[in-house]
Amino acid sequence: MTELNKKESGWLSGIQGIQWAVFMLTNIIAVPVVVGAAFQMSPAEISTFMERMLFVSGAATLVQIYFGHRLPVIEGAAGMWWAIFILLGTMSAPGNRGLLLQQLEMGLMIAGIFLGVLGLLPVVEKVRNLFTPIVTGVYLILLVSQLSGSFFQSILGITATGHLDGKITLICLIEIIIILIISLKFEGILKSMGPLIGIVVGWLLFHFFGLIHQGNVYEPSGWFKLPQLLAWGTPEFDVGIVLTSIITSVVLISNVIASILVVGIALEKQVQPKQYQKGIFGNGLNLIVSGLFSVVGVVPLSVSAGFIGTTGIKKMRPIIVGAVLIMAAGFFPYIGGFLATLPLEVAYASLFIPFSQMMGFGIRDLMSIGPTTRNLLVIGLSLMVGIGMMFLPAEAFASVAPWLRNIVSNGLLVGLILCLLLEHVIFPSKKSSLPAKQ
């Protein structure tokens, strides 16, 4: 019997499973609040979104354990996926947001099918090679740049009050400093729990200063409810959304591989090549599940290695218990309802450091290449065009065909497509490699 599956007492597995569940919650709680606000969802919609996010995160972890890489790695909303959701939600006209959510359902499912097929074929490395350090660096910088305005408007209190609010700004600043200190000064599980600690402190301060909006409270109609399939409506096809979804899923292959690799190191276990393929296949299945249950796309999280290294919990049973607990929490509306009362400003503040790191990852990728004239031209043109498109008003694209509008009006997508063309077609380089991301 292997070390990972060796029998142990039920009560110990239960306690360790609760630890896994709390750790998983850290990576879930802010997602429905921030994405829901971007799409102007009601408190009831955000609450049910929270329930589905809990259910899918737990279920996705079990899918990978039984059908994917078979390692103790938690699944959570990928920062890149919810960045895409926030970006599209804030860019779209209010009347189009319902349709956009239906298109995102379809985008997730098609991206999941695409990734599942890739996981069955020996072509993953060839696809990954398209996303060189220049391409991934430009992609991450464009993504965070387009979201930075939403972050600051919320953290400074402008979203809530229409003007700069001193109390909200102070609370968010305290929360960001707490998360930053924990991220820089601590190690292991405490470091990984930084966002959750910051959320708790920020939430308590919002209560203390009386800033909680009572209109955000949702009273469930019952204590038990099954997660709803296709809660946003019947999936709709849009070529721009599908293209964005497939590109995002391919970029995140690096995260899947990196997560499996670092957890293997934490377990002191040799990871087999097939486990990477199965992990990508499992991620494809989980994207399909994400689309079916109308949530943000999930991905294996490499922070699982830090949790394992600190707690020493290497066996499979505790993470299975934790995943089942999180999954079961999605069946109880009062849990989702309570978590959904998290203030939007606190949620955004909890994401400020992780998204800043995402920008840092992009800069790191660009710094890893030589500053040749060719490389600087590819980077400069891609960023100039992509960021420039972000400042164009939505009305400028009114005459563009609907199927093309979501492509040409998206500075992120335009910049990325231009970068791919410059990198591989117009100015091809002999060197092509993609570093794994943490």
Side-chain angles (χ1 to χ4, degrees), residues 18-39 41 43-61 74-83 85-86 150-151 154-155 171-172 174-176 178-179 182-183 189-207 211-213 216-218 220 227 290 293-299 301 303-304 307 322-355:
I18 292 172
Q19 286 181 269
W20 271 114
V22 173
F23 182 58
M24 290 179 70
L25 186 62
T26 303
N27 300 283
I28 299 172
I29 185 171
V31 181
V33 175
V34 174
V35 174
F39 284 90
M41 295 183 188
E45 289 172 323
I46 294 176
S47 178
T48 54
F49 187 179
M50 183 74 75
E51 295 163 24
R52 298 193 305 276
M53 198 72 241
L54 290 166
F55 172 79
V56 169
S57 297
T61 301
I74 63 170
E75 292 273 326
M80 206 173 292
W81 271 119
W82 55 339
F85 270 71
I86 298 168
S150 298
F151 271 83
S154 182
I155 290 172
I171 292 171
C172 290
I174 291 172
E175 182 182 350
I176 290 170
I178 289 172
I179 297 172
I182 293 174
S183 299
I189 188 172
L190 187 58
K191 179 177 180 176
S192 63
M193 298 291 281
L196 183 60
I197 295 171
I199 283 173
V200 171
V201 172
W203 204 342
L204 289 174
L205 287 174
F206 257 70
H207 273 285
L211 297 173
I212 298 294
H213 305 294
N216 291 341
V217 178
Y218 165 64
S290 299
F293 283 95
S294 306
V295 297
V296 173
V298 295
V299 72
L301 301 178
V303 290
S304 304
F307 180 90
V324 169
L325 288 174
I326 287 292
M327 186 177 171
F331 291 95
F332 298 95
Y334 279 97
I335 296 177
F338 169 72
L339 296 176
T341 60
L342 174 70
L344 174 64
E345 296 79 9
V346 173
Y348 262 117
S350 73
L351 299 176
F352 190 81
I353 300 301
F355 272 80

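Note that the structure is a prediction, hence the values are computed from the model and not measured.
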Practice item. Determine, step by step, whether Ile46 and Met41 satisfy the side chain to side chain contact (heavy atoms under 4.5 Å, CB included) criterion, reporting the C-alpha distance in whole Å, the side-chain angles of both residues, the deciding distance to 0.1 Å, and the verdict. Key: CA-CA 6 Å; Ile46 294 176; Met41 295 183 188; 3.8 Å; yes
Practice item. Using the side chain to side chain contact (heavy atoms under 4.5 Å, CB included) rule, take Ile28 and Leu339 through it: C-alpha gap first, then chi angles, then the decisive distance, then the call. Key: CA-CA 10 Å; Ile28 299 172; Leu339 296 176; over 6 Å; no
Practice item. Go through Glu51 and Ile335 one step at a time and tell me if the side chain to side chain contact (heavy atoms under 4.5 Å, CB included) criterion holds. Key: CA-CA 8 Å; Glu51 295 163 24; Ile335 296 177; over 6 Å; no
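Side chains of Met53 and Val298 form a contact here, defined as non-hydrogen atoms less than 4.5 Å apart. Residues Trp81 and Val299 fail the side-chain proximity criterion, which asks for heavy atoms closer than 4.5 Å. Contact of the Trp82 side chain with the Leu351 side chain is registered, since non-hydrogen atoms from C-beta on lie closer than 4.5 Å.
The distance from atom CZ of Phe39 to atom CD1 of Ile86, rounded to the nearest 0.5 Å, is 9.0 Å. Note that the CD atom of Glu175 and the CG atom of Leu205 stand 9.0 Å from one another [nearest 0.5 Å]. Remark: Ile29 CD1 to Ser350 OG distance equals 8.5 Å, nearest 0.5 Å.
For the pair Val34 and Ala347, the tightest heavy-atom approach, listed with the atom from each and the gap, is CG2-CB, 3.5 Å. Ile171 approaches Gly202 most closely through the heavy-atom pair CG2-O, 3.9 Å. Minimum heavy-atom separation, Phe151 to Tyr348: CE2-O, 3.5 Å. In plain terms, the two heavy atoms of Ser154 and Leu344 that are nearest each other are OG-CG, 3.8 Å. The two residues Met24 and Glu75 make their nearest non-hydrogen contact at CE-O, 4.2 Å. In terms of heavy-atom proximity, Ile155 sits nearest to Cys172 at CG2-CB, 3.5 Å.
Distance alone, capped at 3.5 Å, is enough to place a donor-acceptor pair between the Ser47 side chain and the Gly337 backbone. Between the Ser304 side chain and the Ile74 main chain, a donor and an acceptor come within less than 3.5 Å of each other. Checked by atom type and distance alone, the side chain of Ser57 never pairs as donor or acceptor with a backbone atom of Leu54 at under 3.5 Å. No side-chain donor-acceptor contact under 3.5 Å links Arg52 to the backbone of Val295. A donor-acceptor pair under 3.5 Å links the side-chain atoms of Thr48 to the main chain of Glu45, judged by distance alone.
Aromatic ring orientation, Phe338 versus Trp203: parallel (interplanar angle below 30°, classes split at 30° and 60°).
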